[in-house]
Amino acid sequence: MAAAASAVKPPQLRAARVRKQSIIKFVILFVTLAFLFVPLLAMLIFTLRHPLSGRWSAAPWIAIFTGNGESLGADLTVLWQGLGTSLALSVVTVVLMLLLMVPTMVIVHIRSKALERAIEWVATLPLTIPAIVLVVGLGPIYRWLSADVLNTNPIWLCFAYVILVMPFAFRAIAVGLNSIDVKTLVEASRSLGASWPKVFFRVIIPNLWQSILSASFISIAVVLGEYTVASLLGRMNLQVALYQLGQSNSQISTAMSLLALLFGVVLLVALDLISDAMRKSKEGK
């Protein structure tokens with residue numbers, strides 16, 4: 001009897017432990033999802049229910065998709081201007097970031113681990129510096145650029161945005177470099193007579209596509225959500241336009257903010273799907 005009891009008890013304890021862990025996981029998942037989705041649901045309700053009269057209406061969404069907000073007392077011209085600027089900034093920022101980060105990180109990864117750590121420290125430094133402090137340092141530079149070199153076009157915010165996205169881009173690209181044996185690939189390619197441009201574009205880059213996409217999508221999300229630098233430097237982007245639009249019609253501004261958040265989610269989902277497709281294609285080969 002004692003032997004039978006001892007044989008039955010451990011599985012029962014394991015089952016109870018599994019049930020307890022399942023309950024804890026469910027509670028954590030529920031709280032996390034509530035923390036993420038309750039504010040989004042509140043934003044959606046706010047866009048559909050008039051805050052004063054309590055009347056339900058889809059007019060703010062109709063105004064966005066038709067491009068006509070005059071009936072609600074809102075001029076959407078500033079919104080489209082800010083959206084166009086942010087999309088252009090996203091493209092230019094991603095291109096500059098990739099041109100700067102990818103060759104530098106590949107060369108340093110091959111040549112010097114000590115220098116790689118130094119570049120990592122520099123690249124992640126913007127995470128520790130508040131945006132307001134960055135603007136204080138960038139303000140005189142942008143005044144000089146606007147007056148003597150370039151102009152006040154918001155597209156030149158790309159230089160500041162490259163600094164802001166560097167920490168995220170560095171981590172994404174570093175993961176890709178650490179997941180492959182770069183030195184072996186380079187030495188094998190060079191021993192077969194490949195030039196450095198061929199090694200870079202036909203050997204290393206194809207193995208870093210997933211990391212490059214990750215860095216690009218994260219950078220786009222950061223640029224679309226940036227407000228402090230553009231506002232304090234007096235430039236127009238999507239978030240500044242949403243703030244100005246909110247002064248005349250907060251429902252349209254909130255609806256557009258929700259669309260911007262959903263666009264960021266779509267980018268992350270697309271990144272996950274593309275990563276899975278690329279991994280399956282490699283496994284198939």
Side-chain angles (χ1 to χ4, degrees), residues 75-108 111-112 114-174 200 212 214-247 253 256-257 260 263-264 267:
D75 183 10
L76 299 186
T77 305
V78 65
L79 176 61
W80 307 132
Q81 179 185 354
L83 179 60
T85 300
S86 288
L87 292 177
L89 276 169
S90 299
V91 174
V92 177
T93 301
V94 168
V95 171
L96 290 178
M97 178 272 296
L98 293 178
L99 290 176
L100 175 66
M101 298 292 292
V102 176
T104 303
M105 292 183 64
V106 170
I107 294 172
V108 171
R111 297 295 186 184
S112 174
L115 188 57
E116 185 178 22
R117 288 192 292 270
I119 291 180
E120 178 181 5
W121 180 81
V122 173
T124 56
L125 194 60
L127 286 177
T128 65
I129 302 175
I132 184 68
V133 177
L134 284 175
V135 174
V136 171
L138 292 172
I141 297 175
Y142 268 91
R143 281 197 296 271
W144 171 72
L145 286 176
S146 301
D148 301 330
V149 181
L150 303 172
N151 51 44
T152 58
N153 195 307
I155 197 66
W156 305 122
L157 285 174
C158 61
F159 301 124
Y161 285 175
V162 168
I163 298 174
L164 294 179
V165 304
M166 268 201 311
F168 311 101
F170 179 89
R171 288 300 180 190
I173 298 172
F200 184 77
I212 290 174
S214 300
S216 301
F217 285 178
I218 294 172
S219 299
I220 291 173
V222 171
V223 172
L224 291 179
E226 202 286 318
Y227 170 78
T228 306
V229 174
S231 176
L232 294 179
L233 289 178
R235 305 299 196 273
M236 176 63 67
N237 70 353
L238 175 60
Q239 297 303 320
V240 175
L242 290 175
Y243 173 77
Q244 294 183 4
L245 182 62
Q247 307 301 308
S253 177
M256 194 63 196
S257 300
F263 180 70
L267 283 181

Identify the two heavy atoms, one from [X] and one from [Y], that lie closest to each other, and give their separation to 0.1 Å.
X	Y	value
A241	G82	CB-CA, 4.0 Å
A169	A215	CA-CB, 3.9 Å
E116	F170	O-CZ, 4.5 Å

Step by step, work out the side chain to side chain contact (heavy atoms under 4.5 Å, CB included) result for V240 and V78. CA-CA 9 Å; V240 175; V78 65; over 6 Å; no
Would you check if [X] and [Y] make a side-chain contact, meaning some heavy-atom pair closer than 4.5 Å?
X	Y	result
L242	Y227	no
M256	L245	no
L157	V223	no

Would you give the length of the straight line joining atom OG1 of T228 to atom CG of L164, rounded to the nearest 0.5 angstrom?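 Reported value, rounded in 0.5 Å steps: 9.0 Å.
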Nearest 0.5 Å please: distance from the CH2 atom of W80 over to the CG atom of L238.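 Atom-to-atom, W80:CH2 and L238:CG are 10.0 Å apart.
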N/O donor-acceptor pairs under 3.5 Å from side chains in residues 90-108, not counting sequence neighbours:
from : atom 1 : to   : atom 2 : distance (Å)
S90  : OG     : S86  : O      : 2.8
T93  : OG1    : L89  : O      : 2.6
T104 : OG1    : L100 : O      : 2.7

Would you please test R235 and E226 for salt bridge (Lys or Arg N to Asp or Glu O under 4.0 Å) and show each step? CA-CA 12 Å; R235 305 299 196 273; E226 202 286 318; over 6 Å; no
With side chain to side chain contact (heavy atoms under 4.5 Å, CB included) as the criterion, how do L150 and F159 come out once you've worked through the C-alpha distance, each side chain's angles and the decisive distance to 0.1 Å? CA-CA 12 Å; L150 303 172; F159 301 124; 4.1 Å; yes
Heavy-atom count check: over 12 atoms from other residues, nucleotides or ligands less than 6.0 Å from F200 CZ?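 Result for CZ/F200: enclosed.
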By the salt bridge (Lys or Arg N to Asp or Glu O under 4.0 Å) test, which pairs, at least two apart or in different chains, include something from residues 89-99?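 Found none.
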Side chain of Q239, backbone of L224: donor and acceptor closer than 3.5 Å?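 Yes, because the side chain of Q239 sits within donor-acceptor range (under 3.5 Å) of the backbone of L224.
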Please list every donor-acceptor pair under 3.5 Å in which a side-chain atom of residues 132-144 meets a protein atom from a residue at least two apart or in another chain.
from : atom 1 : to   : atom 2 : distance (Å)
Y142 : OH     : W156 : O      : 2.6
Y142 : OH     : A160 : N      : 3.2
W144 : NE1    : D148 : OD2    : 3.4

